[in-house]
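Worksheet for the structure shown next.
When reading the values below, keep in mind they use all heavy atoms of this one structure, side chains included, and skip hydrogens, waters and symmetry mates.
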Amino acid sequence: MPILTLITFLPIIGVFFILSMDSRRSELIRVTTLLVSIVVFFISLPLYVTFDAHTYEMQFVEKLQWIPSFGIHYHVGIDGISLFLILLTTFITPISILASWHITRNVKEYMIAMLVLETGMIGVFISLDLFLFYVFWELMLIPMYLLIGIWGGPRRIYAAVKFFIYTMAGSVFMLLAIIALYFLNHRATGEYTFNLLEFYRLDLSFAVQFWLFLAFAFAFAIKVPMFPFHTWLPDAHVEAPTAGSVILAGVLLKMGTYGFVRFCLPLFPEASHAFIPVISWMAIVGIIYGALVSMVQDDLKKLVAYSSVSHLGFVMLGIFAFNIQGIEGGIAQMINHGLSTGALFLVVGMLYERRHTRMIADFGGLTKQMPVFATFFMIVTLSSIGLPGLNGFVGEFLILVGTFKSRILYASIATSGIILAAVYMLWMFQRVMFHEITHEENKTLQDINKREFAILIPIILLIFWIGIYPNSFLRKMDASVNHLLKQVGEKANIVSTLQKQNEFEQLQQNVTPKIDIVPEAKTEW
Amino acid sequence: MTNVSIMTFNILSILPILILAGFGMIVLLIDVLSSRKFGEKNLLAYVSLIGIVIAGISVRNSTGTALFSFHETFTIDNYSIFFNFIFLLCTGLTILISHSYIKREEINHGEYYALLMFSTIGMMLMASGADLLNIYVGLEVMSISIYILTGFKRSKLISNEASLKYFLLGAFATGFLLYGIAVIYGSTGTINLNQIASFIASKGGISDPLLLMGMGLIIIGLGFKVASVPFHAWVPDVYEGAPTAITAFMSVGPKAAGFAAFLRIFMTAFGSTHYEWQKIIFILAVLTMTLGNVVAIAQTNIKRMLAYSSIAHAGYLLIALVSANSMGISGTLFYLLAYIFMNVGAFAIVIVLSHKNDEFIQINDYAGLGFKHPLLAIAMTIFMFSMAGVPPMAGFVGKFYIFSAAIKSGYVVLAIIGVINSVISVYYYLRITVIMYMKEPAREFTPLTLSPFIVAAIVISVIGTLQLGIFPSKVIEMAQQATLILK
């Protein structure tokens, strides 16, 4: 059964259902959308069960001709790296739809946007054809842009346009790099194809790798977002509706880090090695800067948004540690961040629905009124800080182990980010939940209702599961990550040794000229 | 295309042109004879559409071998056939969007349809011309018809002004073109494209400065028609003043014809010496894209915004010309086809939403459209995203095609400038969607009167835009077939 195609395009089929419905019957539309997304989630579960953890080969592969004259295929498949990101997507989507029940304006359009967004997100993670990947990558911009722009807060238009243009600006360079790879591959093999697995075999000269890496990394760094390309994120997060923030934090940001793992590292191993210091320092600055800025926020949503910058910095640091702990930790942390930050946004959204404010100063002492809510909030907060026994710890620990193994300096600085995280999260929690109730309005707050309970409980369960028994996740990644390290390591041996001696110029002379970009005077098409 | 047959005089080769001319005359006759009995004159639109369809069928029938006729001045090959389809599609869509518009503006005269068809004849001649003079004649036939159509709202000052401006500048530009042709004739002794090519080959390159000058003059003449910077000054005023349906027609038809001639002349006659002209076109392309996109941002009138955007699109197409490889040529063909769908579609929506005398064509008039007329707004959104080059729309595949061609020829810098420009363009295309979906309505939306004609035009455009974006392979193959003849 073509599971991947099914989960990718089932939401689109759902869109057609919803299109045929009367826009006044909003309850029906909501339920249908939720059902579609839940069905998608259940269809995606066999991916986990039947996934073969012993091989790094792509699984559930489907390959069809799409645009034969350019050698473009509909080519999808997953390995241990993308598996959990897909599951995360199908898991988060129903939750965010459930969290959008309070949307009353233009429900139909909202739900259509959500479903199209799901298609786009899954598509990004399963594409093995770079053209297909790019199509999904851009496709998912449109619904997200509309979600922020139509259903967002007061500065929604600014935030939506900024989000769109930032991402687009990054990705067009990636498009050029993809086209360049296409022709380089043709030069090497005589075959016109966008097949990622073919591109992995290319042996590119350092100069070419350098520029192509830069183009890809620019697109991904904006998406992650890495410092200093992060400025769109707080705006987008703050203005987006709750579900938009959840998806943005839960899945969209992961596309950037996933891009690094899937494309930058294996395609341009030497350049990736050469860029370790740059990327790592950007990540470290992001970790510290994000944490410090979070600390001074008086808006809950902004605080969570900046904490994302910090958390994603850890992911990037782990990936660029270039060892199994670092990368597995990075991937695990992508999932963890999706769960805990997603949950934080949900919690903030619940507060906002009750009080129509997100200012920390407007709250205080909520524990007395909302004990159940407080428990959930506490768990989520601790998971975000990385308390042992909860999911966040697993990822951050692995990342730091990996980084310590490769570069002690980076790890020691980054560790301070964890302390800072505890500071700003706990302080925030204290100000919101503890002390006396200072505002009259807060005395009548309702504890969470059934729907909200249903939203949070699956996330909480996963938080504990990953925290207590991470092996059920990590072991599925082993084969793929090991293979990735082999891919990166084999090609890049020369670079890493040379790099230690700071002999960059020598490197460029030593490496034999390989495929390079030169104008092709006459080629038949 | 191995089988090239040369006939001195083959009436069948110009069958589509004859059919169009015939139907043009019939429309004129019906208009005169009917007095006002046919009332709403739906008949004229029907007859014109039938003419377009029959001409299309006859184009199809002549596929097969490359065919020269009229003493090698006229050729029928896959290239010209592809362009003939483009022109007929463009005219057909224009007729569909004109029907209710010209009634509303009270310019419902038979000449309107006849002139549209005559200008199509001119375009077909340009795409099929195998010598410079034939291309020139085609260009004049096309241009003169459009000069008249631009001023068709004869009681409106703005329309007259547009027509006069277009005519004066256009006449000047065709003067340049003709002068260029004369100079080339003086230098090479021939106006036949293939013979010019063999002349240049026999000299081993262009040594004669006269020939270079002729080439430059031709670039000016055609650059004017495709609205490339710095020959673009007429575009905004003319586009704004012309009847909206004609603006739609003008922004795609003559542009396509201009590029048909551009590619035919520069790839056939000057193909071997592309390094001579690539630099000039390179600069033109950069200027055209950048100016078009940057100035479009500042526009408040949607017709003017689309005018500047059409300048920018000409810039992208020039990138394909610079790359001077077969991928660039087929990319141009594909892009032009995609551009017809998205641009005529966008203009169709402008027509639907505007009122008599071009009321409501400010961009701000679209505020709140998104939830008032959701289907129209979705269609407009598709066209805007397509023009911005966002997948899965036709415009994306077109841009991908053109940038690929540039990289293939090693013009990476040009491709980079191109993508930066398309990011700039995102801003103003996005603004339309922002205003439609994210702003409160600034005016009352009166119930729309949608004629089936214009609905058909919008539906065809939406389907075309999506089809070329999601399943483009058929058309890409046709475009590749069409370019074989030039390389």
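Heavy-atom pairs under 4.5 Å with chain A peak, among Val397(B), Val426(B), Ile424(B), at Val426(B). Among the candidates Phe371(B), Phe403(B), Tyr437(B), the residue making the largest number of heavy-atom pairs closer than 4.5 Å to chain A is Phe371(B).
Judged by distance alone, the side chain of Trp66(A) and the main-chain N or O of Ser473(B) form no donor-acceptor pair under 3.5 Å.
At a 4.5 Å heavy-atom cutoff, the contact between Glu109(A) and chain B is made by side-chain atoms alone. Residue contact with chain B, scored on non-hydrogen atoms closer than 4.5 Å, involves the backbone and the side chain of Tyr145(A) alike. For chain B, the nearby parts of Leu176(A) are the backbone and the side chain; heavy atoms of each come within less than 4.5 Å. Contact of Tyr427(B) with chain A is made through backbone and side chain together, with heavy-atom distances under 4.5 Å.
When all heavy atoms are compared, the tightest approach of Met168(A) to Ala388(B) is CE-O, 4.0 Å. Heavy atoms only, all atoms of each residue included: Ile142(A) and Met393(B) are closest at CD1-CE, 4.2 Å. Nearest heavy atoms, Ile67(A) versus Pro472(B): CD1-CG, 3.3 Å. In terms of heavy-atom proximity, Ala180(A) sits nearest to Ile407(B) at CA-CG2, 4.2 Å. What you find for Gly149(A) and Met438(B) is that their closest heavy atoms are O-CG, 3.1 Å.
Within the 6.0 Å centre-distance limit, the rings of Phe385(B) and Phe164(A) are counted as a close aromatic pair. The distance between the ring centers of Phe400(B) and Tyr182(A) does not fall below 6.0 angstrom.
Note that CD1 of Ile378(B) is 6.5 Å distant from CD1 of Ile112(A), once rounded to the nearest 0.5 Å. Atom OG of Ser404(B) sits about 7.0 Å away from atom CG of Leu175(A), to the nearest 0.5 Å. Atoms CG and CG, on Leu375(B) and Leu19(A) in that order, are 9.0 Å from each other to the nearest 0.5 Å. Rounding to the nearest 0.5 Å gives a distance of 12.0 Å between CE of Met478(B) and OG of Ser69(A). Here the OG1 atom belonging to Thr433(B) is positioned 8.5 Å from the CD1 atom belonging to Ile150(A), to the nearest 0.5 angstrom.
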Quiz prompt | Audit row: Lys408(B), Ile179(A), side chain to side chain contact (heavy atoms under 4.5 Å, CB included) steps and yes/no | solution = CA-CA 9 Å; Lys408(B) 190 179 160 87; Ile179(A) 297 172; over 6 Å; no
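Ring geometry for Phe70(A) versus Tyr401(B): interplanar angle over 60°, hence perpendicular rather than tilted (30 to 60°).
For Lys372(B), the NZ atom counts as loosely surrounded, since its 6.0 Å shell holds 12 or fewer non-hydrogen atoms of other residues, nucleotides or ligands. Surrounding CZ of Phe17(A) are at most 12 heavy atoms belonging to other residues, nucleotides or ligands under 6.0 Å away. No more than 12 heavy atoms of other residues, nucleotides or ligands sit less than 6.0 Å from atom NZ of Lys474(B).
Two residues are said to be in side-chain contact when any heavy atoms from C-beta on lie closer than 4.5 Å; Pro68(A) and Glu477(B) meet this criterion.
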